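Single-structure report; data block below.
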Amino acid sequence: MPDAKLPAALTAPKTRALTLCGVLVGALLGVAAFAPLPYTRTMPGSTSDVLGAYEGRPVLTVTGAPTRQTDGQLRMVTISATSPGERISLWTALRSWVDQDEAVLPSEAVYPQKDPAKAEQETRHEMTQSQDSATVAALKYLNLSPEKVKVQVDLGDIGGPSAGQLLALGIIDKLAGDGKGGDLSGGKVIAGTGTIDEQGNVGAVGGVPLKTQAAARDGATVFLLPQAECSDAKVNTPAGLRLVPVRTLSDAVAALDALKAGGSVPSC
């Protein structure tokens, strides 16, 4: 008998039972590691200069008022995420959890619409609303009539509302700059995020720690963000990236003016 050569402790019924349980638990964990989970993996996404072009086409096209040549960049920032309806494994989730350049979120938090087609439609709708609100907020700031001045925004297939603040700043820069003949950016690479409403209020967006990574990667030295997200933004902030919190569009313009002048600027 094979058991005759093994120590009695290893052939006892209790030991056999524990061994069998261990094998079963290991098998279950192995299956669970690769079973799809209702979570979405997110990463730093692309950035785009709203004063420039996206996929060969101008991001901002203004008609009904003279525009100006600009220097520097105002970069809106995105996050990249696994597709709506796609599930990730436990192993992938754990690996992303320990990677500071990634985050794992419940899928319903990223895509409230469970149907992939509806989720994509919703993000496009949010972007359209964001563009409209940014235009109204910028024209109000400049005391210009939306009846006369029209703004067309082209960001391809980028969706969601988080480009609002940077789009509004881009419109202001295109039309008036800093009001003193200079650029809002001061010739620097400025990045940022935040929703905006027609009154110019800047709102939270989520995913800020990933967006700061994307901003620094693409050369930004200043990052404008909703004040409510300061604590989130300080997580793994890239070296050399200055966090500037704002509540309104006016705050953002004032902060950029102060940066150029070497004045006091809010920080997280």
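All residue numbers in this chain count up from 1 along the given sequence. Note that the structure is predicted; figures quoted are calculated from it, not measured. Only this structure's heavy atoms are used, side chains among them; waters, hydrogens and symmetry mates stay out.
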Atom pair [atom1] ([X]) and [atom2] ([Y]), whose distance is rounded to the nearest 0.5 Å:
{"X": "L169", "Y": "L256", "atom1": "CG", "atom2": "CG", "value": "6.0 Å"}
{"X": "T78", "Y": "M43", "atom1": "OG1", "atom2": "CE", "value": "10.5 Å"}
{"X": "I79", "Y": "L210", "atom1": "CD1", "atom2": "CG", "value": "6.0 Å"}
{"X": "K140", "Y": "S145", "atom1": "NZ", "atom2": "OG", "value": "11.5 Å"}
{"X": "F223", "Y": "T237", "atom1": "CZ", "atom2": "OG1", "value": "10.0 Å"}
{"X": "L74", "Y": "K174", "atom1": "CG", "atom2": "NZ", "value": "10.5 Å"}

For a quick test of reading the model, state the closest non-hydrogen atom pair linking [X] to [Y] and the distance between them.
{"X": "A53", "Y": "V59", "result": "C-CG2, 3.9 Å"}
{"X": "D197", "Y": "N201", "result": "OD1-N, 2.9 Å"}
{"X": "V244", "Y": "A255", "result": "CG1-CB, 3.8 Å"}

Check your understanding: For P161, does its backbone N or O pair with a side-chain atom of Q129 as donor and acceptor, under 3.5 Å?
Key -> no
Review point. Under 3.5 Å, is there a donor-acceptor pair between the side chain of S133 and the main chain of S130?
Key: no
Answer yes if [X] and [Y] sit in the same cluster of Ile, Leu, Val, Met, Phe, Trp and Tyr residues linked by side chain heavy atoms under 4.5 Å apart, and no otherwise.
{"X": "L155", "Y": "I172", "answer": "yes"}
{"X": "I158", "Y": "V205", "answer": "no"}
{"X": "V50", "Y": "L259", "answer": "yes"}

Practice item. Determine whether more than 12 heavy atoms belonging to other residues, nucleotides or ligands lie under 6.0 Å from atom NZ of K188. Key: no
Check your understanding: Would one find more than 12 heavy atoms of other residues, nucleotides or ligands at under 6.0 Å from atom CZ of R217?
Key -> yes
Check your understanding: Taking it one step at a time, do D173 and T70 satisfy side-chain hydrogen bond (donor to acceptor under 3.5 Å, both in side chains)?
Key -> CA-CA 7 Å; D173 209 11; T70 58; 5.1 Å; no
Practice item. Using a strict 4.0 Å threshold on nitrogen-to-oxygen distance, state whether R68 and D183 make a salt bridge. Key: yes
Study note, to complete from the structure: From the list R75, K211, Q165, side chain to side chain donor-acceptor pair (under 3.5 Å) with T193 holds only for K211
Check your understanding: Heavy-atom distance under 4.5 Å between the side chains of V62 and L175, does that happen here?
Key -> yes
